[in-house]
Amino acid sequence: MNVAQTAKGLDAIDGDGAHVKRILPSYHLGYLDPFLLFDHFTVQKPAGFPSHPHRGFEIITYMLEGAFLHADNRGNQKMILAGGLQRITSGSGIVHSEMPGSNGVNRGLQLWINLPRSDKGMEPSYQDVAAADLPVVERQGVRRKILVGEGSPVRVSRPMRYEDVTLFAQSVEVGMQVPVPALFRAFLYVLDGVGKFGGTMTRAEAGEIVSFDPPPSQGFIDVQAERADLPLRFIYVAGLPIGERPLFRGSYVD
């Protein structure tokens, strides 16, 4: 049976006046190997994330609304538009800024993925992927947008999956099974609606995370929309643990 733990994201101010709902880590739930941090941010000018350093992990920024402008000390500059994402391998170290790219609301998700200590000195690299280049699979009332995994062009150092999933409102109950590879640690984050998750049908609503540690023994997570007239949208993240305790030094991870 899937053993699920739920927790609410914690509202915080980060960077220069940027509003963040911190999903991982929090007082309720620590990091989930190999995932170090997961933020749901909402930023409007003039707030943002001015120049700051990173080292020792990978970053995926996925824009839900608006845009974000990334610039770094290596001369890279790129606008991430709604529906698209950017992967950064900070490796041996970068200094970058992330600032609003539109005059309205700029909303998105940022995931930090740990690197093994043997890879932390690797050369920094980037990958920018537009919304149109991310595969979408739709069937039987379920829409899966593959951010990392089957068919996605996004390349990361660790084996993992990352999806934006919607169960559409229908006249009958909508449900699905989310496959979880063997040994992968997994969590789901509810963006919209209300759902029930795992073998115990644990309830979670928008702004809440459902984590599974140890991994589901049967290789999948049951998901069901609580209401047939209300869509359920959630983020699914799973990855192979590294098994090394990360050493957090601010925005560096050793």
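None of these values were measured; they are calculated from a predicted model.
Hydrophobic clustering of Ile, Leu, Val, Met, Phe, Trp and Tyr side chains at less than 4.5 Å, counting indirect connections, unites V180 with L188. At a threshold of 4.5 Å between side-chain heavy atoms, the hydrophobic network of Ile, Leu, Val, Met, Phe, Trp and Tyr places F49 and I80 in one connected group. L109 and F57 fall into different hydrophobic clusters, where Ile, Leu, Val, Met, Phe, Trp and Tyr are joined by side-chain heavy atoms under 4.5 Å apart, directly or via other members. Under a hydrophobic clustering in which Ile, Leu, Val, Met, Phe, Trp and Tyr are joined whenever their side-chain heavy atoms come within less than 4.5 Å, directly or via other members, I235 and M63 fall into different clusters. Cluster annotation: I146 and V223 are assigned to distinct hydrophobic clusters (Ile/Leu/Val/Met/Phe/Trp/Tyr, side-chain heavy-atom contacts under 4.5 Å, transitive).
Residues F220 and Q177 share a closest heavy-atom pair of CE1-NE2, 3.2 Å. The two atoms that bring A18 and G48 nearest to each other are CB-O, 4.0 Å, heavy atoms only. Looking at every heavy atom in both residues, L134 comes nearest to P153 through CD2-CD, 4.4 Å. Between P231 and D229, the shortest heavy-atom contact is CD-O, 4.1 Å. The two atoms that bring G56 and S90 nearest to each other are N-OG, 3.3 Å, heavy atoms only. Here the shortest heavy-atom pairing between R55 and G91 reads CG-O, 3.2 Å.
Rounding to the nearest 0.5 Å places CG of L191 at 8.0 Å from OG1 of T166. Within the model, atoms CD of E150 and CZ of R161 stand 6.0 Å from one another, a figure rounded to the nearest 0.5 Å. Atoms CD and CZ, from E226 and R203 in turn, are 4.5 Å apart once rounded to the nearest 0.5 Å. Going from atom CG of D33 over to atom CD1 of I113 covers 12.0 Å, rounded to the nearest 0.5 Å. Residue I88 holds its CD1 atom at 5.0 Å from CD1 of I59, rounded to the nearest 0.5 Å. Atom CD1 of residue I209 and atom CG of residue L24 lie 4.0 Å apart, to the nearest 0.5 angstrom.
For E244, the side chain to side chain contact (heavy atoms under 4.5 Å, CB included) partners at least two apart in sequence or on another chain are P116, R117, I242. Evaluation of the side chain to side chain contact (heavy atoms under 4.5 Å, CB included) rule for D192 yields R233 as partners, not counting sequence neighbours. The salt bridge (Lys or Arg N to Asp or Glu O under 4.0 Å) test applied to R158 returns no partner, not counting sequence neighbours. Under the salt bridge (Lys or Arg N to Asp or Glu O under 4.0 Å) criterion, K196 pairs with no residue, sequence neighbours left out. Evaluation of the salt bridge (Lys or Arg N to Asp or Glu O under 4.0 Å) rule for R155 yields no partner, not counting sequence neighbours. Evaluation of the salt bridge (Lys or Arg N to Asp or Glu O under 4.0 Å) rule for D39 yields R22 as partners, not counting sequence neighbours. With sequence neighbours excluded, the residues that form a ring pair (Phe, Tyr, Trp, His ring centres under 6.0 Å) with F187 are F35, F38. For the side chain to side chain contact (heavy atoms under 4.5 Å, CB included) test, residues two or more places apart in sequence or in another chain that qualify with Q44 are V105. Residues forming a ring pair (Phe, Tyr, Trp, His ring centres under 6.0 Å) with H52 (at least two apart in sequence, or on another chain): H54, H96. Considering only residues two or more places apart in sequence or on other chains, T6 meets the side chain to side chain contact (heavy atoms under 4.5 Å, CB included) condition with T202, V210.
Judged purely by distance below 3.5 Å, without hydrogens or angles, the side chains of R87 and S125 pair a donor atom with an acceptor atom.
The number of heavy-atom neighbours closer than 6.0 Å to CG of L10, taken from other residues, nucleotides and ligands shown, is above 12.
Screening L111, I60, L85 for a side chain to side chain contact (heavy atoms under 4.5 Å, CB included) involving L147 leaves a single residue, L85.
A side-chain donor-acceptor contact under 3.5 Å links Y236 to the backbone of P179.
You'll find the side chain of H19 stays beyond 4.5 Å of the side chain of D11, heavy atoms only. For the pair S157 and M122, the minimum side-chain heavy-atom distance is below 4.5 Å. Between L32 and F212 the shortest side-chain heavy-atom distance does not fall below 4.5 Å. Taking the side chain as every heavy atom from C-beta outward, Y62 and K145 approach each other to under 4.5 Å. At least one side-chain heavy atom of V190 sits less than 4.5 Å from a side-chain heavy atom of F197. F68 is not listed as a side-chain neighbour of K78, based on a closest heavy-atom distance of 4.5 Å or more. Within the 4.5 Å cutoff, no side-chain heavy atoms of V165 are placed close to those of V178. Using a 4.5 Å heavy-atom threshold, the side chains of L240 and P34 count as separate.
Here D72 does not pair with R74 in a salt bridge; the nearest charged N to carboxylate O distance is not below 4.0 Å.
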Assess whether side-chain contact (heavy atoms from CB on, under 4.5 Å) is satisfied between M160 and R185, documenting all intermediate values. CA-CA 9 Å; M160 65 169 287; R185 303 281 171 80; over 6 Å; no
Output, in order, the C-alpha distance, side-chain angles, deciding distance and verdict of side-chain contact (heavy atoms from CB on, under 4.5 Å) for E138 and F168. CA-CA 10 Å; E138 293 193 42; F168 292 104; 4.3 Å; yes
Would you please test D128 and M79 for side-chain contact (heavy atoms from CB on, under 4.5 Å) and show each step? CA-CA 9 Å; D128 301 292; M79 188 77 76; over 6 Å; no
Could you walk me through whether V194 and R227 pass side-chain contact (heavy atoms from CB on, under 4.5 Å), step by step? CA-CA 7 Å; V194 184; R227 292 172 48 184; 5.9 Å; no
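For the side-chain hydrogen bond (donor to acceptor under 3.5 Å, both in side chains) condition, the pairs that include at least one residue of residues 102-111, sequence neighbours left out, are H40-R107, K45-N103, T61-Q110, E65-R107, E98-Q110, S102-N106, Q110-W112. Applying the ring-ring contact (aromatic ring centres under 6.0 Å, His included) definition to pairs two or more places apart or across chains, those involving residues 113-139 are H70-Y126.
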